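Chain identifiers are assigned alphabetically (A, B, ...) following the order of the sequence lines, protein sequences preceding nucleic acid strands; residue numbering begins at 1 within each chain. Since this is a predicted model, take the numbers as computed values, not measurements.
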2 protein chains.
Amino acid sequence: MAENRITIKDLAKRMNLSVSSISRALNDHPSIGEETKKRVKKLAEELGYFPNSVASNFRQNRTYSIGIIAPRIDVYFHSLVISGIEEVMYKSGYNVMIYQSRDSLEREKAITNILQNNRVEGIISCPSIETTDCDHFCKFKTMGIPVVFYDRIPNSNDFSKITINDYEAAFNATEHLISMGCKRISHIAGNQNTGIFSERLRGYKEALEKHHLNVDPDLIIYTSNLSYEDGVKSAQKLLSLPQQPDGIFCANDYTAISAMQVFLKANYKIPQDIAVVGFSNYPISRIIEPHLTTIDDRAFEMGKTAAKLLLRQIEEKNALISSETIVLKSELIIRDSTRKN
Amino acid sequence: MAENRITIKDLAKRMNLSVSSISRALNDHPSIGEETKKRVKKLAEELGYFPNSVASNFRQNRTYSIGIIAPRIDVYFHSLVISGIEEVMYKSGYNVMIYQSRDSLEREKAITNILQNNRVEGIISCPSIETTDCDHFCKFKTMGIPVVFYDRIPNSNDFSKITINDYEAAFNATEHLISMGCKRISHIAGNQNTGIFSERLRGYKEALEKHHLNVDPDLIIYTSNLSYEDGVKSAQKLLSLPQQPDGIFCANDYTAISAMQVFLKANYKIPQDIAVVGFSNYPISRIIEPHLTTIDDRAFEMGKTAAKLLLRQIEEKNALISSETIVLKSELIIRDSTRKN
DNA sequence: TTGTAAGCGTTATCAC
DNA sequence: GTGATAACGCTTACAA
């Protein structure tokens, strides 16, 4: 165990300088002569000195660390958001500590305590499905530690939030189906306790209303997870109706794809007999046949935006942290699953 | 800014006790009376005290943090590995700091320095595509900081590694195609500078040899990325051969899927005319039609195993760190793309 | 331009 | 059982 723990003290002794001079030399403090700086750095190099960020940060009462709490890392959407966060934080010299709540409120609470004890300077989180109030995040607010929520954002106005224009996206997607000639449009909906999914339902409904189309409750299928299997079941329900829809707007891509497959197997033509729109623009949507029309949810951008907002709030710490909401504009990506020409 | 920075000093003053007693009480040190402990904890609670892990860790010369360096987070395989690592580390009370090399050697080197300065206690990494030697990881070895590599593992014997049995998996996959009656089997290969991909090619070749089938260089298509587009191009090349293959073993799922689509469009029947095997068991493989036979690469397990190995090495720090290689057994998952009955 | 010394919050050592 | 004190490695007034 070649313990290689050279400290500035060691450098100081070797050079007959004080530790403060060494510290200043290494940090390019203006009051140190160029000559001395060079010599100090050279010796540091030779002895294999490397700074102890932990000690330095501790002294300065900083950590240059932020925490992410996501339900899971291995969901493509979250992995993209995290990637965006890492990208921005890396360039700004911050460390990113990562935690999965696995959709457990209890675990989420425990993680907030860990982050508090570890003195992270900010937090980016998509709350767990079980999270109804954000009391366990309030401590950060009162300590001046900024928190930014994304995706599943709480109702509270106390925190900053990044989201996309779910309502508008759903509205546009539904209008797109209408413009393709669809008259009986179904919606496969997500958990209505989650804001983004109720917004998508609302957008769907209001687009129908705007175009004087009947909002038929039989055509709205509620699912809990929006899993692939949920999509299969939903499509089967639609197939068993006395009159089938001629268009489906799905709250995510997985259900859209499984619905497409169910209808294809039942010898429906897509998009001629039934047009399908998904949500998220997962990679699979441009691989599956027919290619799926969907909405790009700007996940990577969301991560970058969240990170930049958080950094700004960390830097402005002396000012009172004001909560801010940023809405990213999603994009309808039209592909063969709705292209009727 | 309601600064809520209660320290054990504050508790000590309030209770007319020494800081050491407070520290001991909070840490359930045996030499403190139950009564005192209770009173200290109660006051701590009341004043909203929470421990400063940074200070505590600093004092103890520990960080309870490990670093991950992955090429990217938003590749499903890596996100699964990271998820597995987080799962194990969380349960063991370690923080996970995450970094993306984005396949840049320069960035990877910079990250190793950051991790060194931040005194992580261990590192798990999948080296960048540009990484040919691991010199920049040697400093950890000499400092007694364990490093575990996964997926793209270096040749060096100085580090611990987790991998799957790529050779065997490829061998079995190819034999599976042979057992289904395939005689002209193609391989869509990955970058041969990467060990896992050259192993997959080797497994393919040796399976053919074992069964006295000709290894036809025309049937081996080398790609750089194994991207979806690479798969399309590779399949087109195969289509243009005077004699087409009747089976393809692909080094990943994306190329397998695009190859399937190319052959389907050319009116080949899968698996009757041509059987296809992928590699990785990405979720899309059981969604795409026909469902893709593939090899599960145990990504989540790989993360958990890497984390457990790392923890063991951290805990054993006083002993000399011995490098260890763990090979996980992959699993051939047979689906309709090869099921000829 | 350089040095002295205090201190960040905690724990470990020794003493009582 | 409890207390005093030093120390972890570094930064930063303040002094010189």
Trainee: Does A:Tyr49 have a side-chain nitrogen or oxygen under 4.0 Å from the phosphate oxygens OP1 or OP2 of D:dC10?
Mentor: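 Yes, within the criterion.
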
Trainee: Once you round it to whole Å, what is the distance between C1' of D:dC8 and CZ of A:Arg5?
Mentor: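 After rounding, the reported distance stands at 12 Å.
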
Trainee: Should A:Arg102 and A:Glu108 count as an ion pair when the cut-off is N to O under 4.0 Å?
Mentor: no

Trainee: Mind calculating the distance between NZ (B:Lys38) and P (D:dG1) to the nearest angstrom?
Mentor: 15 Å

Trainee: Going by heavy atoms closer than 4.0 Å, what residues in residues 112-120 of chain B are next to DNA chain D?
Mentor: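 Under 4.0 Å from DNA chain D: no residue of residues 112-120 of chain B.
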
Trainee: Please give, in whole Å, the distance from D:dT2 C1' to B:Glu34 CD?
Mentor: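 Spelled out: CD on B:Glu34 to C1' on D:dT2 is 16 Å.
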
Trainee: Would you say B:Thr194's side chain and B:Ile196's backbone share a donor-acceptor pair under 3.5 angstrom?
Mentor: no

Trainee: Between side-chain atoms of residues 144-152 of chain A and protein atoms elsewhere (two or more places apart, or another chain), which donor-acceptor pairs fall under 3.5 Å?
Mentor:
from	atom 1	to	atom 2	distance (Å)
A:Tyr150	OH	A:His78	ND1	2.8
A:Arg152	NH1	A:Asp103	OD1	3.0
A:Arg152	NH1	A:Pro127	O	2.8

Trainee: Please check if the side chain of A:Lys13 supplies one atom and the backbone of A:Ser18 the other of a donor-acceptor pair under 3.5 Å.
Mentor: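 No: the side chain of A:Lys13 does not pair with the backbone of A:Ser18.
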
Trainee: With centres under 5.5 Å and planes under 30°, do A:Phe58 and D:dC10 count as stacked?
Mentor: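 Base of D:dC10: not stacked against A:Phe58.
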
Trainee: I need the CZ-C1' distance between A:Arg62 and D:dC10, as an integer number of Å.
Mentor: 16 Å

Trainee: According to salt bridge (charged side-chain N to carboxylate O under 4.0 Å, His left out), who are the partners of A:Glu301, at least two apart in sequence or on a separate chain?
Mentor: none

Trainee: Students should find this one: the first and last nucleotides of DNA chain C, 5' to 3', lying under 4.0 Å from a heavy atom of chain B. What are they?
Mentor: C:dC8 to C:dT13

Trainee: So, does A:Asn118 use its side chain to make a donor-acceptor pair with the main chain of A:Val120 at under 3.5 Å?
Mentor: no

Trainee: Once you round it to whole Å, what is the distance between P of D:dT12 and CG of A:Asn57?
Mentor: 12 Å

Trainee: A:Gln60 side chain: which of D:dT12, D:dC10, D:dG3 is closest?
Mentor: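 That would be D:dT12.
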
Trainee: To the nearest 10°, give me the bend of the helix from C:dT1-D:dA16 to C:dC16-D:dG1, comparing the axes of its five terminal pairs at either end.
Mentor: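 Between the first-five-pair axis and the last-five-pair axis there is 40°.
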
Trainee: What integer distance in Å separates A:Asp10:CG from D:dG9:P?
Mentor: 9 Å

Trainee: Give the rounded distance in Å between these two atoms: CD of B:Glu35 and P of D:dT2.
Mentor: 10 Å

Trainee: Of B:Leu80, B:Ile82, B:Val81, which is the lone residue that meets side chain to side chain contact (heavy atoms under 4.5 Å, CB included) with A:Ile73?
Mentor: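 Exactly one pass, corresponding to B:Ile82.
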
Trainee: Go nucleotide by nucleotide along DNA chain D from the 5' end; which of B:His29 and A:Ser23 gets its closest nucleotide reached first?
Mentor: B:His29

Trainee: Restricting to nitrogen or oxygen on both sides, can you table the protein-nucleotides 4-7 of chain D pairs closer than 3.5 Å?
Mentor:
from	atom 1	to	atom 2	distance (Å)
D:dA4	N7	B:Ser20	OG	3.4
D:dA4	N6	B:Ser20	OG	3.1
D:dA7	N3	B:Arg59	NH1	3.3

Trainee: Could you tell me whether the side chain of B:Ser323 and the main chain of B:Asn157 form a donor-acceptor pair under 3.5 Å?
Mentor: yes

Trainee: Could you tell me whether A:Glu87 and A:Lys91 make a salt bridge, using a distance below 4.0 angstrom between a side-chain N and a carboxylate O?
Mentor: yes

